[in-house]
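Worksheet: the structure to be examined is printed underneath.
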Amino acid sequence: MNVKVQVRYFALLRETTGSEGEKYSFPQGTTILELRTQLGSHRPEVMEILSEARFAVNEDFVDDSYVLADGDFVAVIPPVSGG
Amino acid sequence: MNVKVQVRYFALLRETTGSEGEKYSFPQGTTILELRTQLGSHRPEVMEILSEARFAVNEDFVDDSYVLADGDFVAVIPPVSGG
Amino acid sequence: MGNYFDLTWDRIDSRVTADHVRHEAAGAVVVFEGVVRNHHKGRSVDRLTYEAYEPMAKKKLEEVGAEAIGQWPELTVAIVHRLGDLAIGEAATVVAVSSPHRGNAFDAARYIMDRIKIVVPIWKKEWFSDGTHEWVRPAPQSSP
Amino acid sequence: MGNYFDLTWDRIDSRVTADHVRHEAAGAVVVFEGVVRNHHKGRSVDRLTYEAYEPMAKKKLEEVGAEAIGQWPELTVAIVHRLGDLAIGEAATVVAVSSPHRGNAFDAARYIMDRIKIVVPIWKKEWFSDGTHEWVRPAPQSSP
């Protein structure tokens, strides 16, 4: 069985992909590290941004070992510059 | 020849002396240290305040070695508490 | 009155932000305003655009406030961050803190700003006077 | 606009004080307000009276500002100190500084407050709720 996740892009990543986000389906057990790699191979133009980005799931930062759950809302967070 | 100075009191010192200040005449060569001692012997009730006070002449702090000049305006500055 | 955290698309009134933290036991109020300036790294800037992952940004502002109160329990904190297009001189962030004593108020305001720049998902695009624009890549020493 | 130093017998409007330091190259504005609080060393306070050696106090505020600008040349500084009778919640001092970057603005505002409490001839009398009153003898850790 696969897990379905919603991936959301912001700022530079949104503009470079020309997309607010995408829905993906991954095998159960897929981690953020694997997601990071998959997104990069799917969109080579954002590989560098992805390498610097953190990921948030359901509004909290997660690390690369986080295992995706069905229905997760995954935000890709390039280095922030607020304040 | 003597030097005439105006001594000015503020805050606790003004209230304790019941005076805004006094005019004094001292022998030439009198220092702030000597003034401090004289004021204290003249008004024993303010000895302790005087021992903690700094002195300003013509709106600048001076140290105990300052020699009074005729016409000096001498302010006695108890520890400040502004801000 | 009390702790307050908000994102807004309207101009921030720093007086209103500060009023949230005023109370009778607070002897010190420190207000920080991060303002759009007309230059960055030697380049002339015309305006800025701020974009946020809004629900997470709101939540992280609240968390940063809670962290500060954890460190300085007598603190009251208000943080407002602006989104959208900002002209030179407009405030992007206003942080107001109150405390019985000033040392903690200064420490807390600075701590909050440092943390905002790390954990709050908000991004800034600079529109330069030469017609180009760029999403800011933060460097520790480059920020207001 | 620019550096500004004043003593006043009227309520201080911190917005007006802050407006003195705003300019297009200033990315950071820090405003400190020292506010009359309802307690001091565990005693309940009703109001305060501030007295100054006025010409010297004005001059020393200017000197403190000049010292800060000497250390942080990009700084703009405004300092206003209140005199007379103040109620709880009213500002006794407002210090506003602007700088291109926030670190210097925080450092400078704190420096200025520390210096004011040493070199500016202003004295504070506390009127306690028990009917007594006392000129404050400063202790480094006791001030807002």
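Each chain gets a letter, A, B and so on, in the order its sequence line appears, and its residues count up from 1. Heavy atoms only: backbone and side chains are in, while hydrogens, waters and symmetry mates are out.
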What is the minimum heavy-atom distance between [X] and [Y], and which atoms define it?
| X | Y | value |
| --- | --- | --- |
| B:V80 | D:P121 | CG1-CA, 3.7 Å |
| B:N58 | D:K59 | O-NZ, 3.9 Å |
| B:G83 | D:I116 | CA-CG2, 4.0 Å |

Quick check on [X]: does its [atom1] atom have over 12 non-hydrogen neighbours (other residues, nucleotides or ligands) under 6.0 Å away?
| X | atom1 | result |
| --- | --- | --- |
| B:Q6 | CD | yes |
| D:R11 | CZ | no |
| D:Q71 | CD | yes |

Using side-chain contact (heavy atoms from CB on, under 4.5 Å), reason through B:I49 and D:R137 one step at a time and then give a plain yes or no. CA-CA 10 Å; B:I49 305 173; D:R137 298 165 68 91; 5.6 Å; no

Check for a donor-acceptor pair, side chain of [X] on one end and backbone N or O of [Y] on the other, with a separation under 3.5 Å.
| X | Y | result |
| --- | --- | --- |
| B:S81 | D:K124 | yes |
| D:H81 | B:G82 | no |
| D:W123 | B:P78 | yes |

Interchain contact, D:E63 with chain B, by part (heavy-atom threshold 4.5 Å): side chain

Which atoms of D:V94 approach chain B - backbone, side chain, both or neither, heavy atom under 4.5 Å: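 Neither the backbone nor the side chain of D:V94 comes within 4.5 Å of chain B.
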
Among D:A92, D:A52, D:P55, which residue forms the greatest number of heavy-atom pairs with chain B at distances under 4.5 Å?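 Option with the greatest count: D:P55.
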
Rounded distance (nearest 0.5 Å) linking atom [atom1] of [X] with atom [atom2] of [Y]:
| X | Y | atom1 | atom2 | value |
| --- | --- | --- | --- | --- |
| B:L12 | D:K125 | CG | NZ | 9.0 Å |
| B:F61 | D:I118 | CZ | CD1 | 10.0 Å |
| D:Y53 | B:E59 | OH | CD | 4.5 Å |

Ion pair present between B:R8 and D:E54, side-chain N to carboxylate O less than 4.0 angstrom? no

Charged N-O contact under 4.0 Å between B:R14 and D:E51: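 Here B:R14 pairs with D:E51 in a salt bridge, since their nearest N and O are under 4.0 Å apart.
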
